[in-house]
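Structure first, commentary second.
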Amino acid sequence: MSDVLVVVDYQKDFVDGALGFAGAEKLEEGIAALVKRYIKEDLPVVFTLDTHGPDYLESREGRHLPTPHCLKSSPGWRLYGELERYMEEDHPHVYLAPKFAFGAQNYSFLQQYKPERITLVGLVTNLCVMANAVILQTTFPNAEVMVDSRLCASFDPILHGKALDVMEGMQMKILR
């Protein structure tokens, strides 16, 4: 069985930057420990990177959320805390996946692993975590998609809970 870990948008701008919120920083230790475990076991780890350009405010998302964030190569675009090192270190099964909308446009590079179980952690539960979970479930219809609710968060705890309920209703396993 091939397990895959997807760390969604655990970037500085979502933790303590432009769109940061209290409590997001508390996920770092648990996410870092999980990443280390996957790397030690030679399992794939994907870090999605919300990525925008200088024209962000002119995009559909920018019109609805007029706060520039995760501008490519800016400090806020980088992974948060000790996870930032994975942007520089070379590990054979660690992937950086820039994305230009809520969900990553292409997970085909994971086909080589024949994923049977995909675990998602990161930010923001009711936006990018949910969007990527749906994309992964669609891309790998026979894989068990799991969301570790203990290692996800939202700026709105009510929407966090509702998103988990929706994903569970979509036959994803929610780890509580």
Side-chain angles (χ1 to χ4, degrees), residues 1-16 19-50 79-87 91 93-97 99 101-176:
M1 176 184 324
S2 181
D3 288 2
V4 174
L5 175 64
V6 178
V7 180
V8 179
D9 297 359
Y10 200 67
Q11 295 164 267
K12 291 180 181 184
D13 268 350
F14 289 117
V15 178
D16 63 2
L19 295 174
F21 58 92
E25 75 285 351
K26 294 177 183 173
L27 303 179
E28 179 186 3
E29 185 178 335
I31 291 173
L34 197 55
V35 168
K36 288 175 189 171
R37 191 187 98 212
Y38 272 71
I39 289 173
K40 183 179 180 181
E41 295 177 17
D42 248 358
L43 296 169
V45 176
V46 178
F47 291 98
T48 70
L49 296 169
D50 196 38
L79 292 171
Y80 179 78
E82 74 172 274
L83 296 171
E84 184 177 17
R85 70 187 234 197
Y86 296 108
M87 296 185 82
H91 296 277
H93 306 290
V94 172
Y95 301 91
L96 300 176
K99 60 185 194 54
F102 293 142
Q105 287 76 27
N106 187 349
Y107 280 106
S108 64
F109 61 92
L110 290 176
Q111 294 286 357
Q112 64 184 313
Y113 296 103
K114 298 178 176 46
E116 294 181 28
R117 185 168 39 223
I118 303 168
T119 301
L120 291 94
V121 299
L123 303 170
V124 168
T125 313
N126 53 292
L127 295 168
C128 296
V129 172
M130 187 160 60
N132 283 279
V134 169
I135 290 167
L136 286 159
Q137 183 170 283
T138 301
T139 304
F140 302 101
N142 292 317
E144 182 174 20
V145 174
M146 303 184 307
V147 177
D148 191 332
S149 67
R150 301 159 299 191
L151 296 175
C152 293
S154 173
F155 56 89
D156 183 330
I158 293 171
L159 289 177
H160 168 80
K162 287 180 178 182
L164 294 171
D165 289 345
V166 168
M167 289 185 281
E168 190 169 48
M170 295 176 73
Q171 302 173 355
M172 296 175 200
K173 183 174 183 178
I174 307 302
L175 305 173
R176 299 186 192 268

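No experiment lies behind these values; they were computed from the predicted model shown.
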Just wondering, do [Y] and [X] contact through their side chains at under 4.5 Å, heavy atoms?
X      : Y      : value
Tyr107 : Asn132 : yes
Lys12  : Glu84  : yes
Asp3   : Tyr38  : yes

I need the minimum non-hydrogen distance between [X] and [Y], along with the two atoms involved.
X      : Y      : value
Ser154 : Thr125 : N-OG1, 4.0 Å
Gly122 : Leu27  : O-CD1, 4.3 Å
Ala24  : Phe14  : CB-O, 3.9 Å
Met87  : Leu49  : CE-CD1, 4.0 Å
His160 : Asn126 : N-OD1, 4.3 Å
Cys128 : Lys99  : SG-NZ, 3.4 Å

Donor-acceptor pair, [X] side chain versus [Y] backbone, under 3.5 Å?
X      : Y      : result
Asp9   : Gln11  : no
Ser2   : Tyr113 : yes
Gln171 : Gly169 : no
Tyr80  : Glu25  : no

Say you draw a straight line from [atom1] of [X] to [atom2] of [Y]; how long is it, rounded to the nearest 0.5 Å?
X      : Y      : atom1 : atom2 : value
Leu5   : Leu120 : CG    : CG    : 8.0 Å
Leu159 : Leu127 : CG    : CG    : 8.0 Å
Phe102 : Met130 : CZ    : CE    : 10.0 Å
Thr119 : Leu43  : OG1   : CG    : 10.0 Å
Ile135 : Ile118 : CD1   : CD1   : 11.5 Å
Leu151 : Lys26  : CG    : NZ    : 14.0 Å

In this structure, are over 12 heavy atoms from other groups packed under 6.0 Å from Gln112 atom CD?
yes

Greater than 12 external heavy atoms within 6.0 Å of Glu29's CD
no

For the pair Phe47 and Tyr86, name the ring-plane relationship: parallel under 30°, tilted 30 to 60°, perpendicular over 60°.
parallel

Mind running side chain to side chain contact (heavy atoms under 4.5 Å, CB included) on Ile174 and Val147 for me, showing each step along the way?
CA-CA 5 Å; Ile174 307 302; Val147 177; 3.9 Å; yes

Can Phe140 and Lys114 be said to form a side chain to side chain contact (heavy atoms under 4.5 Å, CB included), step by step?
CA-CA 9 Å; Phe140 302 101; Lys114 298 178 176 46; over 6 Å; no

Of the options Val45, Ile39, Val121, Val7, which is the one that meets Leu34 in a side chain to side chain contact (heavy atoms under 4.5 Å, CB included)?
Val121

